[in-house]
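Heads up: the structure comes next, in structure tokens.
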There are 2 protein chains.
Amino acid sequence: MAYTIKDVAQTANVSTATVSRILNDQGGYSEKTKRKVLNVIQELDYYPSGIARGLTNKRTNTIGVLVPNLTSSLVTEFLDGIESVAHNIGSSVIVCHTESHGIKTMKYLQLLHEKRIDGLILASTVLKKEYYDYVEKMGVPVVLLSAYSEFPVPYVTANDYEAAYTGTKYLIQKGHKKIGMISGNKEEWIAGNLIPRVEGFKDALSDNNISFNESCIEYGKFSIDDGVTGLKHLLNRVPDLTAIFTENDEIGMGVLSAAYNSGIKVPEKLSVIGMDDINLCNFMSPPLTSVSLSHNEMAEKAANLMFKMINSDTEVSNCILDYQIIERQSVCSQ
Amino acid sequence: MAYTIKDVAQTANVSTATVSRILNDQGGYSEKTKRKVLNVIQELDYYPSGIARGLTNKRTNTIGVLVPNLTSSLVTEFLDGIESVAHNIGSSVIVCHTESHGIKTMKYLQLLHEKRIDGLILASTVLKKEYYDYVEKMGVPVVLLSAYSEFPVPYVTANDYEAAYTGTKYLIQKGHKKIGMISGNKEEWIAGNLIPRVEGFKDALSDNNISFNESCIEYGKFSIDDGVTGLKHLLNRVPDLTAIFTENDEIGMGVLSAAYNSGIKVPEKLSVIGMDDINLCNFMSPPLTSVSLSHNEMAEKAANLMFKMINSDTEVSNCILDYQIIERQSVCSQ
DNA sequence: TCATTATACGTAACCGGTTACGTAAATTAA
DNA sequence: TTAATTTACGTAACCGGTTACGTATAATGA
């Protein structure tokens, strides 16, 4: 195998303790021996083993990130932000693709436990009691990204209710009266009881005296595909819709695609507004108007929060970020 | 901290060796003690430390994946496939976002070296000599995904040259004579000398007696943005183009977007064909015709190859996968 | 000058597992 | 019945680092 600290110590005629001290800038050695040891390290091309170091240090410089999927742009943008922060701090990230699947998620948590990760970020994941109990037991800092929880786990998220309310109101202000919504999976939210984005949608309607009918909401999952099938179902049930609010941009993209393929002009015949403001919105035809939830900031905040918890063991406070409507070309006045 | 194997051994009145044997199904213990130990493990909720285990085993059950970016769909689809294979085999994957940046890449390699990963996959990355020398030194199995190399490192890729040739020929057969190309970064390929997708494009033209002019190729990077700026530059230089072949689908998406915003109808006024056939192609307006390089299969093959090398230390052969044109609606006859 | 303190190390235990080797007890063979 | 073999463990070294503690030497102070 590769050289060890012992090899370095021997060839440099010092003890392993000295080598270790030099490697970690701890002082307690002369300039001369430092140079000598550093030379030997270079010559042998020695790299300390993070494994061995982790064993004593109880620090692996590795964090885990649980994501419900890897094909969603929002999620990969999260991952991107987290990875960037982690790398700057000197940590690596292990990605775990849970598929929102309970058993797979638990398996991943066990795996990360065995790997002795320093911290954990759950992105766009509903924190079930089972998960909470486990991470509690693991005893590592956890933060939720784009999710909240009744359990005492810090989260970084947007005010989904308000954002959805505002997004819907935007459509109303544009003169729309027949507005539908395509939402993600209902069951995902068992924990939260309420689906905030749906509630925001409903309340915006009723506050503006627009009659609401349950059939105006279509529930699916969160992917583009769900947008295309969602639009079909929705228009079957209520054909005179003039605007659609989608729970996220992927669904919105699906709606755009389905509309194109059905010859429904957006925005002339149908206005569409998404949520999250993922980068792809800019490049749709037409560019997709969206409620931006500053998700770049969100990911970085979450990562920074987690590292702060790792380093100082202090409790940190939740963080609710701002939202903002990014007007593009998928919505027009009625 | 958490319980250790010693705690388990003590409370079960056996030695740590016995506990270890039981944990690893190695035999050499009676059913009775096995049950006893297993009970204690459950009671204490003991989980062995992967770190300690890794120290003796020289196996971390962790692999590294280097990717040039995390916002490209192709790359995340790769990542998805690799993660899936790895998880089934019981390995975790560390993502490293290199931004195609030499220094950052080297830093990551060192980090992964320190972490003592079992294997490494370089996705869509040109293997510079510097990288090769380093991974050689690391002594772990490496495989290139969607890349080739003059160095003796196994790769899994498509026949880019032929695929590009065929994609271009498809446009020609549709009657197009004024065809442009938008390619990725020229400098990326220093190592390979030739840019296979560009060569395929050129050769398809000349083999079909279509005059070729260097100004018909626009070089940028690989993102959607480069597609939009690329189209503008290209049309400035040669305005009578009727078709565009893009080095990848992201660039193709950018072209679609720029065309939409400039009022250029696709495919009526401009045909566009991409490469890779990422999932998003299906949802563009219009859906983007693309040369499919079976990248799902590619990622899985690469991962399986790597694990085979990890487990058997045998040399494996390269793998060149098939391509196929997926006709959608962004190309029409001239 | 001698006592005191600081500096520059070395020794060895420890982190939490794995495993080669040794041995008493149980089983089988002769 | 006794010898040979197998089974079921325990002991202790080892993986490759870190670090508490001890000590000889050098530097400082009185």
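The chains referred to below are lettered A, B, ... by the order of the sequence lines, with proteins before strands, and numbering in each begins at 1.
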Would you say the side chain of R59(B) lies within less than 4.5 Å of the side chain of N61(B), judging by non-hydrogen atoms?
yes
Is the distance from the ring center of Y108(A) to that of H87(B) below 6.0 Å?
yes
dG10(D) P sits how many Å from N13(B) CG, rounded?
9 Å
For the pair made of CD1 in I5(B) and P in dC15(C), what is the distance, rounded to whole Å?
14 Å
Out of dA20(D), dT11(D), dG16(D), whichever nucleotide has its closest atom nearest the side chain of A17(B):
dT11(D)
Heavy atoms only, 4.0 Å cut-off, all strands: where does V14(A) land among base, sugar-phosphate and nothing?
sugar-phosphate
Measure NZ/K32(B) against C1'/dT7(D) and give the value in whole Å, please.
14 Å
A52(A) has its side chain closest, among dC9(C), dT19(C), dG17(D), to dG17(D)
Should we count NZ of K36(A) as having more than 12 external heavy atoms under 6.0 Å?
yes
Where the side chain of N24(B) is concerned, which of dG17(C), dT18(C), dT19(D) is the nearest nucleotide?
dT18(C)
Are there more than 12 heavy atoms of other residues, nucleotides or ligands under 6.0 Å from atom NZ of K104(B)?
yes
Compare side-chain N and O positions of S30(B) against OP1 and OP2 of dC9(D) and report whether any pair is under 4.0 Å apart.
yes
In whole angstroms, how far is the C1' atom of dG17(C) from the NZ atom of K115(A)?
16 Å
Within-4.5 Å side-chain heavy-atom neighbours: V8(A) and L44(A)
yes
Return the nearest nucleotide to the side chain of P48(B); candidates are dG17(C), dT11(C), dC15(C).
dG17(C)
As a test of reading the structure: which of dG10(C), dC9(C), dT18(C) is closest to the side chain of Y29(A), going by heavy atoms?
dC9(C)
Consider the side chain of T16(B), meaning its heavy atoms from C-beta on, and name the nucleotide among dT18(C), dG17(C), dG16(D) that approaches it most closely.
dT18(C)
May I ask you to evaluate whether K58(B) reaches the phosphate of dT18(C), defined as a side-chain N or O under 4.0 Å from OP1 or OP2?
no
Give the C-alpha distance, both sets of side-chain angles, the deciding distance and a yes or no for side-chain hydrogen bond (donor to acceptor under 3.5 Å, both in side chains) between K115(B) and S92(A).
CA-CA 9 Å; K115(B) 290 246 159 81; S92(A) 321; 2.4 Å; yes
Does a side-chain N or O of S15(A) approach OP1 or OP2 of dG10(C) to a distance below 4.0 Å, or not?
yes
Presence of donor-acceptor pair under 3.5 Å, side chain of R21(A) and base of dG10(C)
yes
How many angstroms lie between CE in M298(B) and OG in S146(B), if you round to the nearest 0.5 Å?
3.5 Å
Please determine if K129(A) and D133(A) form a salt bridge, counting it only when a charged side-chain N lies under 4.0 Å from a carboxylate O.
yes
Taking only side-chain N and O atoms of T4(B), does any of them lie within less than 4.0 angstrom of OP1 or OP2 on dG16(C)?
no
Hey, does S20(B) reach any base, or is it just sugar-phosphate, or nothing, if we go heavy atoms under 4.0 Å?
base
What residues 34-46 of chain B contributes to the DNA chain D interface at heavy-atom separation below 4.0 Å is none
If you fit an axis to the five pairs at each end of the helix from dT1(C)-dA30(D) to dA30(C)-dT1(D), how big is the angle between those two axes, to 10 degrees?
40°
When the distance from NZ of K6(A) to P of dG16(D) is rounded to whole Å, what number comes out?
7 Å
Could you check if a side-chain atom of V135(B) sits within less than 4.5 angstrom of a side-chain atom of V140(B), using non-hydrogen atoms only?
no
Is any side-chain heavy atom of T157(B) closer than 4.5 Å to one of L145(B)?
no
State whether the number of non-hydrogen atoms from other residues, nucleotides or ligands found under 6.0 Å of K221(B) atom NZ is greater than 12.
no
Grab the N/O contacts between the protein and nucleotides 22-28 of chain D below 3.5 Å, and write none if there aren't any.
none

Using a 4.0 Å heavy-atom cut-off, does D7(A) contact any base of the nucleic acid, only the sugar-phosphate backbone, or nothing at all?
nothing
Among dC15(D), dG10(C), dT19(D), the one nearest any side-chain atom of T18(A) is dG10(C)
Please give, in whole Å, the distance from dT18(C) P to D25(B) CG?
12 Å
Is any side-chain heavy atom of L144(B) less than 4.5 Å from a side-chain heavy atom of T125(B)?
no
Can you check the I22(B) CD1 to dG17(C) C1' distance for me, whole Å?
15 Å
Students often mix this up, so state it plainly: with edges at 30° and 60°, are the rings of H113(B) and Y47(A) parallel, tilted or perpendicular?
tilted
Expressed as a whole number of angstroms, how long is the span from Q26(A):CD to dA8(C):P?
14 Å
